[in-house]
Amino acid sequence: MSGRLLIIGGGLAGLAAATALAPRGWRITLVEARSQLGGRASSFTDPNSGQAVDLCQHVSMGCCTNFTHFCEQVGIAHLLERVTTLYFMTADGRVSQWRADGLPAPWHLIRSFLRAHFLSRSDKLSIGWALAALERFSPQSDPPFMEWLEEQGQQRTSINCFWNVILVSALNEGIEQIGLKYARKVFVEGLMKHREGGVVYLPKVPLSELYGKEMQAWLKDHHIDLRLDCPARQLLIENAVIHGVQLRGGETLEADLYLAAVPFYRLLDLLPSEVVQQYPVFTRMQLLKTSPITSVHMWFDRPITTYPHLVLLEGISQWLFHRPSGVAGEHYYQVVISAARDLRGWGGERILAAVLEGLQARLPIPAEAKLLRSRVITEPHATFSVEPGVDRWRPDQRSPIAGLYLAGDWTATGWPATMEGAVRSGYLAAEAIMQSEGMRVRFLQPDLA
Ligand SMILES: Cc1cc2nc3c(=O)[nH]c(=O)nc-3n(C[C@H](O)[C@H](O)[C@H](O)COP(=O)(O)OP(=O)(O)OC[C@H]3O[C@@H](n4cnc5c(N)ncnc54)[C@H](O)[C@@H]3O)c2cc1C
């Protein structure tokens with residue numbers, strides 16, 4: 001008989017571990033500080049309409065096999081929309097379409113690539129050589145990617161209009177800061193290895209609904225004691241053994257095993273400071289850096305484009321999404337600015353003005369179109385930064401404290417900070433927990449084959 005497990009954190013990492021372990025007989029309590037599940041992948045309520053609006057649009061891809069498995073297991077996969085064509089728009093308003101065609105991998109995107117209007121023939125040739133070299137490069141080496149691109153003779157246009165465009169969205173980090181390991185993962189394992197790898201999946205509903213009622217019903221059906229609005233204050237640790245979790249409300253919860261599935265900077269607050277100082281695993285975590293994302297939400301009185309989304313080249317933003325508004329007569333658009341460090345100190349009005357100026361320059365927005373309202377949201381610690389060698393700071397899901405396991409997109413998953421990375425961490429933690437009972441179970445899903 002499996003024991004009692006206390007999970008702290010109801011983001012995708014904690015939820016994935018719960019969905020893996022509950023069917024194996026673990027009696028699970030999950031405490032979540034906020035009033036909803038989903039963590040960073042969640043929504044706020046728009047006070048004007050009462051509608052749930054995502055803090056930031058989340059995108060998944062075909063290569064995210066663990067996230068897909070998680071959604072299927074919980075029964076929420078039907079809430080995802082498969083998007084096979086992407087529209088890349090330059091500042092002059094010209095658009096190129098990207099979609100996989102009938103050719104086998106790695107050639108399935110070659111026709112779109114060759115037709116891309118924003119790359120010259122010589123850019124395409126040199127990018128092609130560099131992609132082939134990237135594929136041959138050791139997947140574990142992690143030198144600065146920019147230096148490597150320069151060694152491969154990549155010119156400014158191909159760096160700006162190809163490498164950076166894809167990487168800044170996928171990794172939420174500027175190309176100057178990225179290590180080669182995760183850049184390689186995006187291009188080779190994400191886009192080139194399998195024709196389904198680069199297919200985009202968008203939630204059809206707000207994230208609070210994606211990880212909402214159906215998710216909670218699944219947890220209930222599997223006898224998981226879910227406690228929302230229930231923040232943990234401290235992990236109670238003595239002699240390298242965890243024996244309880246004190247909640248902010250004063251109560252102490254005890255279990256046989258504990259899984260901390262909170263962001264690394266929250267875990268550092270929950271651990272007693274002497275424990276952080278004592279174990280290199282925890283002191284190293286302090287060296288992880290974070291990167292911000294800004295999302296600009298705009299409600300217009302009419303459509304401003306007929307495209308369902310746009311990948312925006314040459315400007316401060318990377319994506320424009322046209323999403324359902326839920327209010328008659330309103331058209332809702334969201335612009336995403338990844339690795340938004342340069343906007344620090346700008347303030348919402350200046351960011352909105354810059355975004356609108358960029359959109360007006362490239363879209364035929366009718367002069368009479370009225371911006372009804374807007375909101376600018378910056379998540380300062382959106383993801384950890386995939387700087388060169390970052391994996392040396394990321395801990396395994398087994399901690400040095402007996403009884404305490406770790407999960408979160410920032411733990412050692414071999415993936416960048418994504419919903420896929422978070423689910424992987426939860427499955428890996430669940431495997432480690434099963435192993436503590438002497439059982440070898442594989443929850444991690446295979447890559448696309
Ligand atoms: C703006 C933005 C855009 C993004 N876009 C994408 C995207 O397009 N595609 C993609 O794949 N990924 C994207 N990500 C990344 C993705 O959201 C994260 O990688 C993933 O959701 C992390 O899940 P997690 O469970 O590891 O952590 P979190 O989601 O942070 O979950 C941790 C949970 O722990 C809870 N918690 C914290 N402290 C306590 C406490 N003391 N007691 C109890 N509970 C606590 C938190 O409330 C939270 O619910 C984006 C992230 C952001 C911020």
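As a basis for the values below, the full set of heavy atoms in this structure was taken, side chains included, without hydrogen atoms, waters or symmetry mates. Keep in mind the model is a prediction, meaning the values are calculated, not measured. Whatever order the structure lists ligands and atoms in, that order sets their numbers, starting from 1.
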Q: In sequence, state the C-alpha distance, the side-chain angles, and the governing distance for Y405 and R398, and then conclude on side-chain hydrogen bond (donor to acceptor under 3.5 Å, both in side chains).
A: CA-CA 5 Å; Y405 293 80; R398 291 173 193 81; over 6 Å; no
(Q) Can you confirm, on distance only, whether ligand 1 has an N/O atom lying under 3.5 Å from any N/O atom belonging to A33? (A) yes
Q: Return yes if some donor-acceptor pair links the side-chain N/O of W415 with the main-chain N/O of C64 below 3.5 Å, else return no.
A: no
Q: Find out whether V336 and V59 are in side-chain contact, i.e. whether some heavy atom of one side chain is under 4.5 Å from a heavy atom of the other.
A: no
Q) Just by distance, do the side chain of S96 and the backbone of F88 share a donor-acceptor pair under 3.5 Å? A) no
Q) For ligand 1, which atoms sit closer than 4.0 Å to a heavy atom of R266? A) 38 (N)
Q) Between S60 and ligand 1, is there a nitrogen or oxygen pair with a distance under 3.5 Å? A) no
Q) Can you find an N/O atom of A232 closer than 3.5 Å to an N/O atom of ligand 1? A) yes
Q) Quick one: which ligand 1 atoms are inside 4.0 Å of a heavy atom on G39? A) 29 (O), 31 (O), 48 (C), 49 (O)
Q. Distance under 6.0 Å and angle within 45° of the ring axis: does R375 meet both against F44?
A. yes
Q.
Within a 6.0 Å radius of atom NZ on K220, are there more than 12 heavy atoms belonging to other residues, nucleotides or ligands?
A. no
Q | Numbered atoms and elements of ligand 1 in range of G9, under 4.0 angstrom, heavy atoms | A | 33 (C), 34 (O), 35 (C), 44 (N)
Q | Protein contact of atom 17 (O) of ligand 1 - nearest heavy atom, named by residue and atom, plus distance | A | H58 NE2, 2.8 Å
**Q.** Test log, rule side-chain contact (heavy atoms from CB on, under 4.5 Å), inputs L202 and F321
**A.** CA-CA 10 Å; L202 287 179; F321 294 98; 4.0 Å; yes
Q) Should you measure from each heavy atom of I8, which atoms of ligand 1 turn up under 4.0 Å away? A) 42 (N), 43 (C)
**Q.** Salt bridge flag under 4.0 Å for residues E379 and R40
**A.** no
Q | Lys/Arg N to Asp/Glu carboxylate O, E189 vs K193, below 4.0 Å | A | no
Q. Considering only heavy atoms of E379, which atoms of ligand 1 have at least one such atom less than 4.0 Å away?
A. 53 (C)
Q: Just need the protein heavy atom nearest to atom 35 (C) of ligand 1, so name the residue and atom and give the distance.
A: E32 OE1, 3.2 Å
Q) Which protein non-hydrogen atom lies closest to atom 23 (O) of ligand 1, naming both residue and atom, and how far is it? A) A422 CB, 3.3 Å
Q: For the pair H58 (side chain) and C56 (backbone), establish whether a donor and an acceptor sit closer than 3.5 Å, ignoring hydrogens and angles.
A: yes
(Q) Looking at ligand 1, is there an atom of it that comes within less than 4.0 Å of some heavy atom belonging to A261? (A) yes
Q: Ignoring hydrogens and angles, state whether a donor on the side chain of T294 or T378 is under 3.5 Å from an acceptor on the partner side chain.
A: yes
Q. Is Q57 near ligand 1, meaning one of its heavy atoms is under 4.0 Å from it?
A. yes
Q: Could you check atom 31 (O) of ligand 1 against the protein and tell me its nearest heavy-atom contact, residue, atom and distance included?
A: G11 CA, 3.4 Å
Q: State whether E173 and K289 are salt-bridged, where the test is any N-O pair (Lys NZ or Arg NE/NH1/NH2 against Asp/Glu carboxylate O) under 4.0 Å.
A: no
Q | Heavy atoms of other groups near D221 CG, more than 12 under 6.0 Å | A | yes
Q.
Do the side chains of E437 and R24 get close enough for a salt bridge, i.e. N-O under 4.0 angstrom?
A. no
Q. Looking only at N/O atoms, are R40 and ligand 1 under 3.5 Å apart anywhere?
A. yes
Q. To which protein heavy atom is atom 11 (O) of ligand 1 closest, and what is the distance rounded to 0.1 Å?
A. M419 N, 2.8 Å
Q. Between R248 and ligand 1, is there a nitrogen or oxygen pair with a distance under 3.5 Å?
A. no
Q: Using a strict 4.0 Å cut-off to heavy atoms of V31, name the atoms of ligand 1 that fall inside it.
A: 43 (C), 44 (N)
Q.
Counting non-hydrogen protein atoms only, what is the nearest one to atom 9 (N) of ligand 1? Give residue, atom name and distance.
A. V59 O, 2.8 Å
Q | For atom 26 (O) of ligand 1, the protein heavy atom that lies nearest, with its residue and separation | A | D409 N, 2.9 Å
Q | Residue and atom name of the nearest protein heavy atom (relative to atom 3 (C) of ligand 1), distance in Å to one decimal | A | I293 CD1, 3.4 Å
Q.
Using a 3.5 Å cut-off on N or O atoms only, is A13 in polar contact with ligand 1?
A. yes
Q: Please verify whether a non-hydrogen atom of L12 lies at under 4.0 Å from ligand 1.
A: yes
(Q) Any side-chain to backbone donor/acceptor pair from R394 onto W410? Under 3.5 Å, distance only. (A) yes
(Q) So if I count the atoms of ligand 1 from 1 in the order they appear, which ones are less than 4.0 Å from some heavy atom of T418? (A) 10 (C), 11 (O), 12 (N), 19 (O)
Q: Output the list of atoms in ligand 1 that are nearer than 4.0 Å to some heavy atom of G408, sorted by atom number.
A: 26 (O)
